[in-house]
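Taking it in order: structure first as structure tokens, then the write-up.
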Amino acid sequence: MIDLSLLTDGGVGWLDASGPSSHLVLSTRIRLARNLAGHIFQARNSETEREEILGSVERAARETVLLRRAICFRLDRLDRIERQLLHERHLVSKELAGLEPDGRVRSGASILVQDRIGVMLNEEDHLRIQGLHSGFALEAAYAEVDRLDAELGQRLAFAFHPEFGYLTSCPTNVGTGLRASVLIHLPGLVLTKEISKVLQGLAQVGLTFRGLYGEGSEVVGNFFQLSNQTTLGSSEHELLDHLGKMVRQVMDYEEQARQVLLRDAPAIIEDKVWRAYGLLRYARSLSFEEAMNLLSGVRLGVGVGLIPDVGMYTLNKLLVHTQPAHLSVAEGVSPTEPDLPIRRARFVRKVLESEVGRRG
Amino acid sequence: MSCDQCREREAVIHLTQIVNEQVTTLHLCERCAAEKGVESPGAVAKTPLGSFLAAMGKGLPEPATTPRTGDTCPRCGGSLQDFRESGRLGCPECYHSFELPLRDLLRRLHGSTHHVGERYAERGPETVRIPERASELREQLRLAVETENFELAAELRDRLRVVE
């Protein structure tokens, strides 16, 4: 089994709820898509070429400040459960981890990780430079990723076109290659049924949304990943400013929706959040989806001050550690173990009891 | 990812719907999406790539300079047809090989064809390293000292001397 303790904070420093607006925003992710000039893109390249790419990027990374001490995980040499573990920690995409229903791990699929920053290798693009920060921190996350991009760019020849910018395998990423995403919790907008209006509005201003695990994933626990749709024609800072402004607006709408709920239906909301807490605290069997939805209810309760004593960090930890791979590894059982929901409920009870105490 | 409908072709359209508070995501290939009538105005705005790919190489006669669907990129051997099916280009050279249709696509996807962000200082194959900027080296030196990586700090200090 891979040793995630080798990573700073186990690679999940982003869930410590220390960042700005952590009551609404779980994390901020920035990624830059880069390809090596003179190499075929991943969709058409060979195993040998992917090995070459991996070799030259790793050599270059070892000369940088930001990835000098990076841990390298070769996904093509890991078991499925280990790959799933890395995916659940948001360190690798589902595609790179070969976790799609019909997916296989591509040879050469790897990641380099050091602290909050890393590079996915042989993903859709040769390099996906990425940084993950706690809370709403677009500029801070970008600054770090930009620095690594500069360091790597001094040592590697990136495919760059004078007019089109950084060239990517899919034309949706060309130009800056920048995708900035903010993972935000919007239960107020879902409960007031305003969410579709807000999401449609975002689409009209060039933003898009995805589920908890990014591209192709479903929305669970009222978590939405908001990100820029376009990558060409605006500078990196313009893209970040635009996304930042819109996210702040969505945060305002969410706060307003919560106030409306508390004003117009206080008894219903209070019952809903405490019911969620009660189920988490005492249920004897929990599916992952149910746990996510209940955690969302409790997070709302904590956010509006109805549930005291439960920390956001505790809720974030539960969010990560109740996922199928995390739970099955911690319990030493197979992820297909039929009594996993029973083990999940026991795990949640134990964490809440030790971190919240016997009150509530 | 394969299409949820036919389970054969690659899904290129990811349609998330919210109906009665239930969020569902459908992953569809170009053909099944068209069959399901997904090309509503809202869907097109979200997935212009899918609709563009569907239209690419069909319809109006193209200008003589536009590569035909069967033409291939001399570097990677990929064709426009391959791109239509997978949504992925074969190599950086494809941006030259299929420049005209791609320009059109980029305008539709991004509303522009001009990169205005950070520029990469391209280097020739004969150059080992592009000239380093003192400001970047100083920043790296600061980080190296902060992280107590003194071996690297010494190296950076030497490189900084050369640049300055």
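Note on naming: letters A, B, ... go to the chains in the order of the sequence lines (proteins, then strands), and numbering restarts at 1 for each one. Computation of the quantities below employed the complete heavy-atom set of this structure, encompassing side-chain atoms and omitting hydrogens, waters and symmetry-equivalent molecules.
- Residues Glu85(B) and Gln81(B) bring a donor and an acceptor atom of their side chains to less than 3.5 Å of each other.
- Residue Leu226(A) is tested with Leu207(A), Val198(A), Ile184(A) for a side chain to side chain contact (heavy atoms under 4.5 Å, CB included); the sole match is Ile184(A).
- Annotation: maximal heavy-atom pairing with chain B below 4.5 Å, among Thr231(A), Asp149(A), Leu66(A), Asn35(A), occurs at Thr231(A).
- Considering only heavy-atom pairs separated by less than 4.5 Å from chain A, the leading option among Gly117(B), Cys91(B), Ser112(B) is Cys91(B).
- Smallest separation of non-hydrogen atoms from Glu124(A) and Arg128(A): OE2-NH2, 3.5 Å.
- For the set Asn222(A), Thr168(A), Leu178(A), the entry with the most heavy-atom pairs within less than 4.5 Å of chain B is Thr168(A).
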Report task. Let me see the working for Ile53(A) and His39(A) under side-chain contact (heavy atoms from CB on, under 4.5 Å), right down to the final yes or no. Result -> CA-CA 8 Å; Ile53(A) 291 163; His39(A) 281 278; 3.9 Å; yes
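- The candidate from Thr113(B), Leu106(B), Val116(B) with the greatest count of non-hydrogen atom pairs under 4.5 Å with chain A is Thr113(B).
- Using a 4.5 Å cut-off between heavy atoms, His114(B) contacts chain A through both its backbone and its side chain.
- No part of His237(A) comes within reach of chain B, as not one of its non-hydrogen atoms sits under 4.5 angstrom from that chain.
- With chain B as the partner, the residue from Leu232(A), Leu167(A), Thr230(A) showing the most heavy-atom pairs under 4.5 Å is Leu232(A).
- Proximity of the aromatic rings of His161(A) and His115(B) is defined here by a centroid distance below 6.0 angstrom, and this criterion is not met.
- Proximity to chain B (any heavy atom under 4.5 Å) is shown, for Asn45(A), by neither the backbone nor the side chain.
- With a 4.5 Å cut-off on non-hydrogen atoms, Arg210(A) does not touch chain B at all.
- Note on Arg68(A) versus Glu151(A): no salt bridge recorded, every NZ/NE/NH1/NH2 to OD/OE distance being 4.0 Å or above.
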